[in-house]
**Student:** 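Here you go, one structure.
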Amino acid sequence: MRIPFRIALLMPTLLLLAACASAPGTNASSPWGNARQLVLVTTDGWDASAGRLRRYERDGGDWREVGAATPVTVGRKGSAWGLGLHPAQSDGPQKREGDGRAPAGVFALGTAFGYGASAATPMPYQAMGADDYCIDVNASPLYNRIVDAGTVGRDAVAESTEPMRRDLHAGGDQRYRLGLVIEHNPQRLSGAGSCIFAHLWKAPGEPTAGCTAMADPAMEALLAWLRPQQRPVFVLLPEAELRRLRQDWHLPAP
């Protein structure tokens, strides 16, 4: 069958457009392409423990910032590539259990949690009790899970250093009074890092063991704003990595 001359002239352009539409890295093909809310934490470099948190939302177009940026802290040793929704990255440190670094990348957001029976958030919420622990023991079959010692047994949580009621087990510590699970290492690979949260800071500017910490008003505003139906994601990147990846990963420009 002969192709009309005018259509033949247009075919290279049509093929190019089709290729662009399906090329890797476009918004439609991104694992977070359907996200309508985005929490962005940026730091000055891999070893920086202080950062800035910004909130963004969109309605089919570009990201639009919501509210003002707020100071946060991350791991005491800075950050390192984690395991999340983003493609694996080899250029930079890699998150390991106990390294004092917060996981960098793009992550789904999980359940909100806290000490109270409820919280002012549309996100699913889990009230933590004295028997709730997050398992950070590499060899445990429950690694990177929040479990109830009354269900799994006391021996299963005996070596965990992450009681979820730190006010009861760690001298009145209020850091987990409000928090949110960041879905790092959802496959629960042993040694890759566990129990990564956004939570309250113990004191202004004090870094964490690998989580993202902030002041009470900032956490309250974040939890009130998040909507599970908007498929929110959490992004943590050093500024240089954000500049390098922003276009390919369809991230906002602070």
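In this chain, numbering begins with 1 at the start of the sequence shown.
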**Student:** Which value, rounded to the nearest 0.5 Å, describes the distance between L222 atom CG and L53 atom CG?
**Tutor:**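 One finds 6.0 Å between CG of L222 and CG of L53.
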
**Student:** Give me the atom names and distance for the closest heavy-atom approach of L200 to M219.
**Tutor:**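 Looking at all heavy atoms of both residues, the closest pair is CD2-CB, 3.6 Å.
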
**Student:** Check whether any side-chain N or O of Q94 sits under 3.5 Å from a backbone N or O of Q89 as a donor-acceptor pair, and report yes or no.
**Tutor:**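 Looks like yes, one N/O pair under 3.5 Å.
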
**Student:** Is the W63 ring parallel, tilted or perpendicular to the Y56 ring (thresholds 30°, 60°)?
**Tutor:**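 Ring orientation, 0 to 90° scale: perpendicular.
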
**Student:** So, do L109 and L226 sit near enough that their side-chain heavy atoms are less than 4.5 Å apart?
**Tutor:**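 L109 vs L226: side chains touch.
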
**Student:** Could you tell me whether a side-chain N or O of R166 sits under 3.5 Å from a main-chain N or O of G171, the two making a donor and an acceptor?
**Tutor:**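 Checking the backbone N and O of G171 against the side chain of R166, no donor-acceptor pair under 3.5 Å is found.
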
**Student:** Indicate yes or no: does E241 engage R246 in a salt bridge with an N to O separation below 4.0 Å.
**Tutor:**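 No, E241 and R246 are not salt-bridged.
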
**Student:** Are L178 and W225 co-members of a hydrophobic cluster defined by side-chain heavy atoms under 4.5 Å apart?
**Tutor:**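 Yes, same cluster.
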
**Student:** Distance from K202 atom NZ to Q174 atom CD, nearest 0.5 Å?
**Tutor:**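 One finds 11.0 Å between NZ of K202 and CD of Q174.
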
**Student:** May I ask whether W46 and L245 are part of the same hydrophobic cluster, defined by side-chain heavy atoms of I, L, V, M, F, W, Y residues being less than 4.5 angstrom apart, directly or through others?
**Tutor:**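 Yes, because W46 and L245 connect within a single hydrophobic cluster, where side-chain heavy atoms sit under 4.5 Å apart.
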
**Student:** Indicate yes or no: at least one non-hydrogen side-chain atom of T208 is less than 4.5 angstrom from one of R76.
**Tutor:**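 Not in contact.
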
**Student:** What's the shortest heavy-atom distance between P93 and S79, and which atoms?
**Tutor:**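 Closest approach of P93 to S79, heavy atoms only: CG-O, 3.6 Å.
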
**Student:** Describe, in one word, how the ring planes of Y133 and H169 are oriented to each other, choosing from parallel (under 30°), tilted (30 to 60°) and perpendicular (over 60°).
**Tutor:**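 The rings of Y133 and H169 sit tilted, inter-plane angle from 30° to 60°.
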
**Student:** At what distance, to the nearest 0.5 angstrom, does CG of N144 lie from SG of C134?
**Tutor:**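 Between atom CG of N144 and atom SG of C134 there are 6.0 Å.
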
**Student:** side-chain contact (heavy atoms from CB on, under 4.5 Å), that's the test. Do R36 and R231 meet it? Break it down for me.
**Tutor:** CA-CA 6 Å; R36 294 294 176 265; R231 299 177 178 86; over 6 Å; no

**Student:** Any Lys/Arg nitrogen of R55 or E65 sitting under 4.0 Å from an Asp/Glu carboxylate oxygen of the other?
**Tutor:**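 So R55 does not pair with E65 through a salt bridge.
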
**Student:** If I take atom CG from residue L236 and atom CD1 from residue I182, how far apart are they, to the nearest 0.5 angstrom?
**Tutor:**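 The distance works out to 7.5 Å.
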
**Student:** Can you name the one residue among H184, E162, E97 that meets side chain to side chain contact (heavy atoms under 4.5 Å, CB included) with S194?
**Tutor:**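 Running side chain to side chain contact (heavy atoms under 4.5 Å, CB included) over H184, E162, E97 with S194 returns exactly one hit, E97.
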
**Student:** Give a yes or no on whether a salt bridge exists between D136 and R145, defined as a side-chain N under 4.0 angstrom from a carboxylate O.
**Tutor:**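 Result for this pair is no, no salt bridge flagged.
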
**Student:** Is the H86 ring parallel, tilted or perpendicular to the W249 ring (thresholds 30°, 60°)?
**Tutor:**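 Judged by the thresholds at 30° and 60°, the geometry between H86 and W249 is tilted.
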
**Student:** Looking only at atom types and distance, does a side-chain atom of Q37 sit under 3.5 Å from a main-chain N or O of R227, one as donor and one as acceptor?
**Tutor:**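 It does hold such a pair.
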
**Student:** Contact between F113 and M164 at the side-chain level, heavy atoms closer than 4.5 Å - yes or no?
**Tutor:**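 Of all side-chain heavy-atom pairs linking M164 with F113, at least one is under 4.5 Å.
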
**Student:** Are L142 and V181 linked, directly or through intermediate hydrophobic residues, by side-chain heavy-atom contacts shorter than 4.5 Å (ILVMFWY only)?
**Tutor:**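 Each belongs to a different hydrophobic cluster.
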
**Student:** Any chain of hydrophobic side-chain contacts (each under 4.5 Å) joining M123 to M128?
**Tutor:**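 Hydrophobic grouping puts M123 apart from M128.
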
**Student:** A side-chain contact here means heavy atoms from C-beta on lying under 4.5 Å apart; do R188 and P186 qualify?
**Tutor:**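 In short, these two side chains do not touch, never coming nearer than 4.5 Å.
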
**Student:** Spell out, as yes or no, whether a donor-acceptor pair under 3.5 Å connects the side chain of S49 to the backbone of T73.
**Tutor:**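 It does not hold such a pair.
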
**Student:** Just wondering, do V39 and F107 contact through their side chains at under 4.5 Å, heavy atoms?
**Tutor:**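 No - every pair of side-chain heavy atoms lies 4.5 Å or more apart.
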
**Student:** To the nearest 0.5 Å, how far apart are CG in L251 and OG1 in T42?
**Tutor:**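 Between L251 CG and T42 OG1, I get 11.5 Å after rounding to 0.5 Å.
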
**Student:** Taking E57 for the side chain and R64 for the main chain, is one N or O donor matched with an acceptor at less than 3.5 Å?
**Tutor:**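 Not at all, since once roles are kept as given, no pair shorter than 3.5 Å links the two residues.
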
**Student:** Using side-chain heavy atoms (C-beta onward) and a distance below 4.5 Å, is F197 in contact with I146?
**Tutor:**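 Sidechains of I146 and F197: in contact.
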
**Student:** Could you measure the distance from the CG atom of L223 to the OG1 atom of T121? Nearest 0.5 Å is fine.
**Tutor:**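 That separation rounds to 4.5 Å.
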
**Student:** Please walk me through it: do R244 and E239 pass side-chain contact (heavy atoms from CB on, under 4.5 Å)?
**Tutor:** CA-CA 9 Å; R244 179 175 71 88; E239 293 278 3; over 6 Å; no

**Student:** Under a 4.0 Å N-O cut-off, is there an ion pair linking D99 with R101?
**Tutor:**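 A salt bridge is absent here (no side-chain N lies under 4.0 Å from a carboxylate O).
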
**Student:** Under a 4.5 Å cut-off applied to non-hydrogen side-chain atoms, are F234 and V41 in contact?
**Tutor:**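 Counting from C-beta outward, F234 and V41 do come under 4.5 Å.
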
**Student:** Does a side-chain N-to-carboxylate-O contact under 4.0 Å join R177 and D216?
**Tutor:**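 So R177 pairs with D216 through a salt bridge.
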
**Student:** Can you see whether Y115 has R165 sitting over its ring - NZ or CZ less than 6.0 Å from the centre and within 45° of the normal?
**Tutor:**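 Yes, cation above the ring, under 6.0 Å and within 45°.
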
**Student:** V157 and V137: side-chain contact (heavy atoms from CB on, under 4.5 Å), yes or no, with the steps?
**Tutor:** CA-CA 9 Å; V157 304; V137 182; over 6 Å; no

**Student:** Sub-3.5 Å donor-acceptor pair from the side chain of E183 to the main-chain atoms of L85, do we have one?
**Tutor:**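 No, because the side chain of E183 does not come within donor-acceptor range (under 3.5 Å) of the backbone of L85.
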
**Student:** Do you know which two heavy atoms are closest between A218 and T70, and how far apart they sit?
**Tutor:**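 Nearest pair, atom of A218 first, then T70: CB-OG1, 3.6 Å.
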
**Student:** For the cysteines C211 and C195, is the SG separation below 2.5 Å?
**Tutor:**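 Judged by the SG atoms alone, which are 2.5 Å or more apart, C195 and C211 are not bridged.
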
**Student:** Any chain of hydrophobic side-chain contacts (each under 4.5 Å) joining I196 to L83?
**Tutor:**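 Looking at the clustering, L83 is in a separate group from I196.
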
**Student:** Does the side chain of D167 reach to within under 4.5 Å of the side chain of D173, using non-hydrogen atoms?
**Tutor:**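 No, their side chains stay 4.5 Å or more apart.
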
